[in-house]
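See below for the structure under consideration.
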Amino acid sequence: MHLTVMIGPMVPIPVPPPVLDALVSAQVTVSASDRSGFQLQFHFSKTSLISLALLPAGYFDPGIRVIIMATINGIPNVLMDGLITRQDVAPSNTPGGSTLTITGEDIAVAMSLVDLTGLMMYPALPPSTRVLTILGRYSFFGIIPLVLPSPFEEPTVPTERIFTQQGTDYDYVKKLATDTGYVFYIEPGPLPGANLAYWGPEIRVGIPQPALNINMDTDTNVDSLSFSYNGLQGTNTIALIQQEQTRVPIPIPIPDLSLLSPPLAIRSATKLKVNFLREAAQLTPVQALAKALGTQKEAAEAIGGTGSLDVLRYGHVLKARGLVGVRGAGLAYDGLYYVKSVTHNIKPGEFKQQFTLSRNGLISITPMVPT
């Protein structure tokens, strides 16, 4: 394993060797449904380059861009591209024991700094076009937009409807995604300095990552893995809409169907709760269906898994927002899962990950998973 850390105002460059030598730990947390974050910790002395030059010069100030990349078996993996949001210094009486900790979030944090409520207007623009317009303002961060128009977009007349932004760019784009049953996130890579901004349906199809093996003797490649079945997580969602003439609420049950998020298990989890989506009452049937599908998608994931692994033993970097197979957990819990979050913990000579998995039920629909 080789770790690369790049820091700079707009175009980060590799840190000087003394800075990389002073790095004692790096942590990166990636979530499928929220912004990602990072934390770097350095040890330094009062005569070091960090103390004498870099800290006074603003090298680690909030707003500075940071790229973290890990190369495993010759394959580079961009783990983080973000901005520093906090700096903490803890002086020590022990020579070389002072600690510098910098904390930050991915590039999406730049979209959440300015509240533009009422200042930006989008006459008759559908949600996908509004998102493209907003993302265009951040192209200098190397953002490549991947925006998929929603099948539920309805045409509007400019003289009848002018959409006004509420909140920051990030809040508004997230709200547009939620109202459409979509997700929004910014993923770094594949090259340093490039970022993919995805606005579209949550994709749970594709080539699975190498399997996580537990209780398989020499083939075991995870340190721990456990599962839970939460009966209160599964929720039957019913959207309530109103007719303009009668104002009578009409219930519309929402199915668990999605071409890009098919079920991963044969026996669906039991749903003990019923949720009426009352805010859909003022929406059209098409808008209400779009909003309810997003709610139902999250409520269907009643089976969860948590675990940890050593990347050097696993041989790959497990990535969030993708599928992965599980073997050795028994008939009920073996099979494919969706990786909801991954936390990378890197220290000199060590690279470990904590992860969370999810799916809709028990007994995998796939008889075998890729090794």
Side-chain angles (χ1 to χ4, degrees), residues 3-6 10-12 26-39 65-72 75-85 104-112 128 131-132 134-148 168-174 176-178 180-210 260-261 294 297-298 311 316-324 337-346 351 353-358:
L3 179 66
T4 302
V5 179
M6 307 170 72
M10 283 304 299
V11 181
Q27 183 180 81
V28 177
T29 300
V30 181
S31 172
S33 58
D34 206 350
R35 293 205 298 260
S36 303
F38 69 92
Q39 189 171 84
R65 191 173 179 183
V66 175
I67 296 177
I68 304 173
M69 182 171 63
T71 303
I72 305 295
I75 300 176
N77 299 270
V78 181
L79 305 181
M80 172 56 61
D81 186 347
L83 302 179
I84 299 174
T85 59
E105 298 182 26
D106 65 20
I107 290 299
V109 71
M111 301 176 60
S112 63
S128 59
V131 172
L132 281 171
I134 293 172
L135 291 178
R137 299 200 280 263
Y138 301 92
S139 59
F140 54 86
F141 283 114
I143 288 182
I144 303 171
L146 178 57
V147 177
L148 304 181
T168 65
D169 285 339
Y170 180 80
D171 294 336
Y172 190 57
V173 171
K174 285 283 288 187
L176 291 176
T178 302
T180 314
Y182 277 8
V183 295
F184 171 68
Y185 58 80
I186 296 180
E187 186 168 324
L191 298 176
N195 290 275
L196 177 67
Y198 178 75
W199 189 88
E202 189 171 58
I203 300 177
R204 299 194 177 191
V205 295
I207 301 175
Q209 302 174 77
L260 296 177
S261 182
K297 171 177 61 63
E298 291 296 327
V311 172
H316 305 269
V317 176
L318 182 66
K319 296 183 178 180
R321 309 184 184 109
L323 297 178
V324 69
Y337 286 81
Y338 182 69
V339 185
K340 289 191 69 69
S341 68
V342 174
T343 298
H344 310 272
N345 293 295
I346 304 174
F351 188 174
Q353 293 180 295
Q354 281 80 44
F355 55 86
T356 61
L357 314 174
S358 70

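For reference, positions follow the sequence shown, starting with 1. The shown structure was predicted, so the numbers you read here are calculated from the model rather than taken from an experiment.
For the residue pair S31 and S36, the shortest heavy atom distance occurs at N-OG, 3.8 Å. Between P12 and M6, the shortest heavy-atom distance links the atoms O-CE, 3.4 Å. Here the closest non-hydrogen pair linking S33 and K174 is O-NZ, 3.2 Å. Nearest heavy atom pair, residue S341 against residue A320, reads CA-CB, 4.2 Å.
We find the CZ-OG1 distance between F38 and T343 to be 14.5 Å, quoted to the nearest 0.5 Å. Taken to the nearest 0.5 Å, the CD atom of E105 stands 8.5 Å off from the CE atom of M80. Note that OH of Y198 is 13.0 Å distant from CG of L135, once rounded to the nearest 0.5 Å. Atom CG of N345 and atom OG1 of T29 lie 7.5 Å apart (nearest 0.5 Å). Atoms CG and CZ, on L323 and R204 in that order, are 8.5 Å from each other to the nearest 0.5 Å. Separation of atoms CG (D171) and CG (L176) is listed at 11.0 Å; rounding is to 0.5 Å.
For the pairing with I346, the side-chain contact (heavy atoms from CB on, under 4.5 Å) check across L3, V5, V28, V311 returns one residue only, L3. No option in Y172, Y182, Y170 other than Y182 meets the ring pair (Phe, Tyr, Trp, His ring centres under 6.0 Å) test with W199. With V109 as the partner, the side-chain contact (heavy atoms from CB on, under 4.5 Å) test is satisfied by one option alone out of I186, I84, L83: L83.
Side-chain atoms of Y138 and N195 form no donor-acceptor pair, as typed in the model, at a separation below 3.5 Å. If you check the side chains of T168 and S112, you find no donor sitting under 3.5 Å from an acceptor.
A 4.5 Å side-chain heavy-atom check between I144 and L146 finds every atom pair outside the cut-off. No side-chain heavy atom of I67 sits under 4.5 Å from any side-chain heavy atom of P188. Within the 4.5 Å cutoff, side-chain heavy atoms of D81 are placed close to those of R65. The shortest distance between side-chain heavy atoms of F140 and M10 falls below 4.5 Å.
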*What's the verdict on side-chain contact (heavy atoms from CB on, under 4.5 Å) for V183 and R321, showing C-alpha distance, side-chain angles and the deciding distance?*
CA-CA 11 Å; V183 295; R321 309 184 184 109; over 6 Å; no

*Please assess K319 against V30 for the test side-chain contact (heavy atoms from CB on, under 4.5 Å), listing each intermediate value before the final yes or no.*
CA-CA 8 Å; K319 296 183 178 180; V30 181; over 6 Å; no

*Test F184 against M111 for side-chain contact (heavy atoms from CB on, under 4.5 Å), laying out the working first.*
CA-CA 12 Å; F184 171 68; M111 301 176 60; 4.1 Å; yes

_Step-by-step side-chain contact (heavy atoms from CB on, under 4.5 Å) determination, D106 to E187_ = CA-CA 8 Å; D106 65 20; E187 186 168 324; over 6 Å; no

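Classified by interplanar angle (parallel below 30°, tilted 30° to 60°, perpendicular above 60°), the ring pair F351/H344 is tilted.
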